[in-house]
Amino acid sequence: EITYGDWSSDVCSSDLTPAQAGEAHFHIRQRLKQWFGLEASERCRVLYGGSVKPENIAKLIAEPDVDGALVGGASLDPKSFVAIIQGARR
């Protein structure tokens, strides 16, 4: 059984640099591997839930263990949201 306490050390801040986010996601993936095995850890998508902007999406997505992003307030501005989508495709 996985408890909140197990996951609490894996929750990250919204003010991380892309490299810090990549490191946090690597740690999360290692935990998934430890708890559920290699196949499950590779199949699981780990999404960045911090501050996502057109200016940082490309570098965030470039991190090997960052599989995507949960876009919050930036999605309310259509131009910003489109720029984030375009940045993620690069």
Side-chain angles (χ1 to χ4, degrees):
E1 177 181 333
I2 298 174
T3 66
Y4 172 76
D6 293 331
W7 286 99
S8 65
S9 64
D10 297 328
V11 175
C12 54
S13 165
S14 63
D15 295 331
L16 299 180
T17 66
Q20 290 169 324
E23 185 177 332
H25 283 228
F26 173 79
H27 176 71
I28 291 167
R29 193 161 318 275
Q30 292 305 306
R31 286 289 187 112
L32 291 170
K33 183 178 173 182
Q34 175 187 5
W35 292 335
F36 305 109
L38 177 63
E39 183 180 350
S41 72
E42 290 175 345
R43 293 184 63 188
C44 184
R45 298 294 158 238
V46 183
L47 305 179
Y48 179 71
S51 181
V52 179
K53 301 175 263 201
E55 298 81 24
N56 68 359
I57 187 64
K59 289 183 178 180
L60 285 167
I61 294 296
E63 292 295 323
D65 286 303
V66 177
D67 297 318
L70 299 171
V71 181
S75 67
L76 299 175
D77 175 6
K79 289 180 182 178
S80 176
F81 191 53
V82 168
I84 290 169
I85 294 168
Q86 290 171 336
R89 290 183 175 172
R90 294 186 189 139

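Below, all heavy atoms of this structure are taken into account, side chains as well, without hydrogens, waters or symmetry copies.
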R31 CZ to F26 CZ distance, which is reported to the nearest 0.5 Å: 12.5 Å
When every non-hydrogen atom of V46 is compared with those of H25, the smallest separation belongs to CG1-ND1, 3.2 Å
Could you pull out the closest heavy-atom pair between K53 and I84, with the gap in Å? C-CG1, 3.7 Å
According to the side chain to side chain donor-acceptor pair (under 3.5 Å) rule, which pairs have a member within residues 54-78, sequence neighbours left out? R29-D65, R29-D67
Would I85 end up clustered with V66 when hydrophobic side chains under 4.5 Å apart are linked, directly or stepwise? yes
Should L16 and V52 be regarded as members of a common hydrophobic cluster, given that ILVMFWY residues are connected when their side-chain heavy atoms come within less than 4.5 Å of each other, either directly or indirectly? yes
Salt bridge (Lys or Arg N to Asp or Glu O under 4.0 Å) with R43: which residues, sequence neighbours excluded? E39
Test side chain to side chain contact (heavy atoms under 4.5 Å, CB included) on Y48 and L70; report intermediate values, then the result. CA-CA 6 Å; Y48 179 71; L70 299 171; over 6 Å; no
Kindly give the heavy-atom pair with the smallest separation between R45 and E42, and that separation in Å. NH1-O, 3.2 Å
Between OG on residue S41 and CD on residue Q34, distance to nearest 0.5 Å: 11.0 Å
Give the minimum heavy-atom separation between C44 and L32, together with the two atoms involved. SG-CD1, 3.7 Å
Just jot down the side chain to side chain contact (heavy atoms under 4.5 Å, CB included) partners of A88, sequence neighbours excluded, or say none. I57, I61
List the atom of L60, the atom of P18, and the distance in Å for their closest heavy-atom pair. CD2-CA, 3.8 Å
